Amino acid sequence: MADRIVVDPITRIEGHLRIEAKVENGVITDAWSSSTMFRGIEKILQGRDPRDAWYITQRFCGVCTTVHSIASIRAVENAVGMKVPFNAEMIRNVIMGMQYVQDHVIHFYHLHALDWVDIVSALSADPVKTAALQESISDWKYSSADYFRGIQERLAAFAKTGRLGPFGNAYWGHPAYKLPPEANLMAASHYLQALEVQKEIIKVHAILGSKNPHPQTFLTGGMSIPCDPNSQNAINADKIAMIMECNKIAKEFVEKVYVPDIIAVAPFYLDWAAIGKTSGNYMSYGEFPDGREGYPNNLWLPAGIIKNGDLSTVHPVDHTKITEDVVHSWYKDTGPRHPWEGATDQKYTGPKPPYEFLDVEQKYSFVKSPRYEGAPMEVGPLSRMLVAYASGHKEVQDAVNYVLTTLGVGPEVLFSTLGRTAARAVETLVVAGKMETWLMALAANINTGDYAIQDNSKWDPTTWPVQAQGYGWHEAPRGALGHWIVIQNKEIKNYQAVVPSTWNAAPRDDKGVRSPYEEALIGTPIADPERPLEILRTIHSYDPCLACAVHVYDEKNELKSKVQIL
Amino acid sequence: MRLLVLGIGNVLMNDDAAGALVVRSLEEKYADADENLRVIEGGTLGLDLLPLVEWADRLVLADAVDLNLPAGTVVKIEGEDVAPVFESKLSPHQMGMKDLLLTAELAGYRPPEVVLYGIQVKSIQMDMTLSPEVAEGCPKLRHYIEDEIENFLSARAEAE
């Protein structure tokens, strides 16, 4: 009998992703992706003021609090016809762009790198050789043998405490780790540097959001932070200079560490350029309005769909062609529905916990199956980069071609786990490179005396039609995010969010067609079914919500003696 | 000596919100009390809170916990025992907080003093209300957090 292996974090909040995979002769032959936690987030919005929705949806996600705010305000703006001023569009671009850079850096170094980097092996590296390796990949400032010796000592001391912490729960020594000890030590040092860098980057959200975590300056129709060169409390030249400084730090790290790391590590893992392929459908909603016409015009990263891996044609995206199916999801059967008509009526019919396996022939997930014209779509950095590449986007083509040429491989390697990981780095590079343009455009516009930051002509709900509906798209760091809203009598009547992980992590649809995670796992070799590192590599390459939670969980610790009851 | 009071929890998920809500209710009161004091509702965020954790010498956490105690029971866990709480998944925010504390330790700036005040949850569903038991326990949790803050402020006043 074929083995079925299960990866399930069994936690309550973030760890709601479970993978079951059938392994035959050391290779995955079938896979099922499930979320075992119900999140009826849309229900709590019904009956509320649409202008408050962003504040509530902000808390959907425990990691990127900006993304649901953006999608939500855009949905309301679309529904009632608000036109966002240029200043506000540029501020949103900077907020979104910084979210990309910070999210991708954290994802790669803190959530994904340890699938490729063996920290224990780093302890046996030669610091002198590590310094030579570092110097060979870029002119990054931390490259001395003494520096690496210090990192090694710090890791060794930490390992001695017996609590590996963020490095715990991993598969050290697994045969699928291929890097030499020196590369492992170099990567471990970048893990620590990335921590410092992400702290600097995210200051931008505190500057523009007035608060971080959970920025507070979003507003339907614009932003609520004023622009005024003469006010200390507004966006002024000082604040723009501070943001430039943060971006400089981010850009340097991406150019001298993140991208060189990908290029240095990839040759050891080129077999992963043939693993993790999906059906070849990639979708991007497009992002970053770059002109004066405002969203959704002139998007810097284009919207589009690639079908069956064919890069010669980019198809347009039409939101009316999106449906969600619940044949394999624990909801009342409704047939495929557009999100405006979407329902979230939970009906759990799965096994009673604790159970060994889900009944994958029936319903097996709380995630619905989104489809575009009935087909599954992969979303995320790879989709955005492929759509941009195929659309002839200059910066993206240059960056992609640079990475491919340096590695001596063709574009076909992009359709893979390695391609997904590399595309995220490429995207970080081009976005970090673009930030300055938006900041300069913002500064220049303020200098013309245009301080407009919000369109309040439609702020008063009495100006709205009795019945209105809209949708708000945002290319979040982990992929295409859409909020759909139906407004009736000034209140939210229906609200549906189709998030990136829904597209990627969905169960099968009514025709039995696999969704991206499920498809991407087929053909993956598994060296040791007890330690399915290879599954983590592919699933983590999607930046699942939440990546850090996808671990085999086996701790059962009783701590009551140490708890003081008050 | 710098004190960071951090409330964590998902405010959209019933009792999970308790720690976050209690701290949020104190944010304004202590907003300008002392430059070495910060009272912050941190939601469910992990690494975004690292700069705050680095800043602090004493970290007081308020969070929902699941220890199979009667709902609404308030508990205190200190020092070395705090990390294993998150490690062994007693708190719903294990991933974020566990990563945050241990990453801070690895980076060399885990606050020397860490104390967690927890409140036993009853229900964690997608809803914005607390269960009656937890709502009843919140003033007690708030009382202990306020005590922490007041003790800190008195010590500061004495030092000057």
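Within every chain, numbering begins at 1; the chains are lettered A, B, ... in the order of the sequence lines, protein sequences first and strands thereafter. Since the structure is predicted, the reported quantities are computational estimates derived from the model, not experimental observations.
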So which part of [X] gets closer than 4.5 Å to some heavy atom of chain A, the side chain, the backbone, both or neither?
{"X": "Val74(B)", "answer": "both"}
{"X": "Gln120(B)", "answer": "neither"}
{"X": "Leu141(B)", "answer": "neither"}

- To the nearest 0.5 angstrom, please state how far the CG atom of Leu106(B) sits from the CG atom of Leu192(A). 5.0 Å
- Query: Nearest 0.5 Å, what's the CG-OG1 distance between Leu195(A) and Thr103(B)?
  - Reply: 6.0 Å
With a sphere of 6.0 Å drawn around [atom1] of [X], does it hold more than 12 non-hydrogen atoms of other residues, nucleotides or ligands?
{"X": "Glu136(B)", "atom1": "CD", "value": "no"}
{"X": "Met242(A)", "atom1": "CE", "value": "no"}
{"X": "Tyr109(B)", "atom1": "OH", "value": "yes"}

- Could you pull out the closest heavy-atom pair between Ala107(B) and Glu196(A), with the gap in Å? CB-OE2, 4.3 Å
- Query: Do the side chain of Lys140(B) and the main chain of Leu566(A) share a donor and acceptor less than 3.5 angstrom apart?
  - Reply: yes
- Query: Is chain B contacted by the side chain of Glu200(A), its backbone, both, or neither, given a heavy-atom distance below 4.5 Å?
  - Reply: neither
- Query: Is the closest side-chain heavy-atom distance between Gln198(A) and Leu50(B) below 4.5 Å?
  - Reply: yes
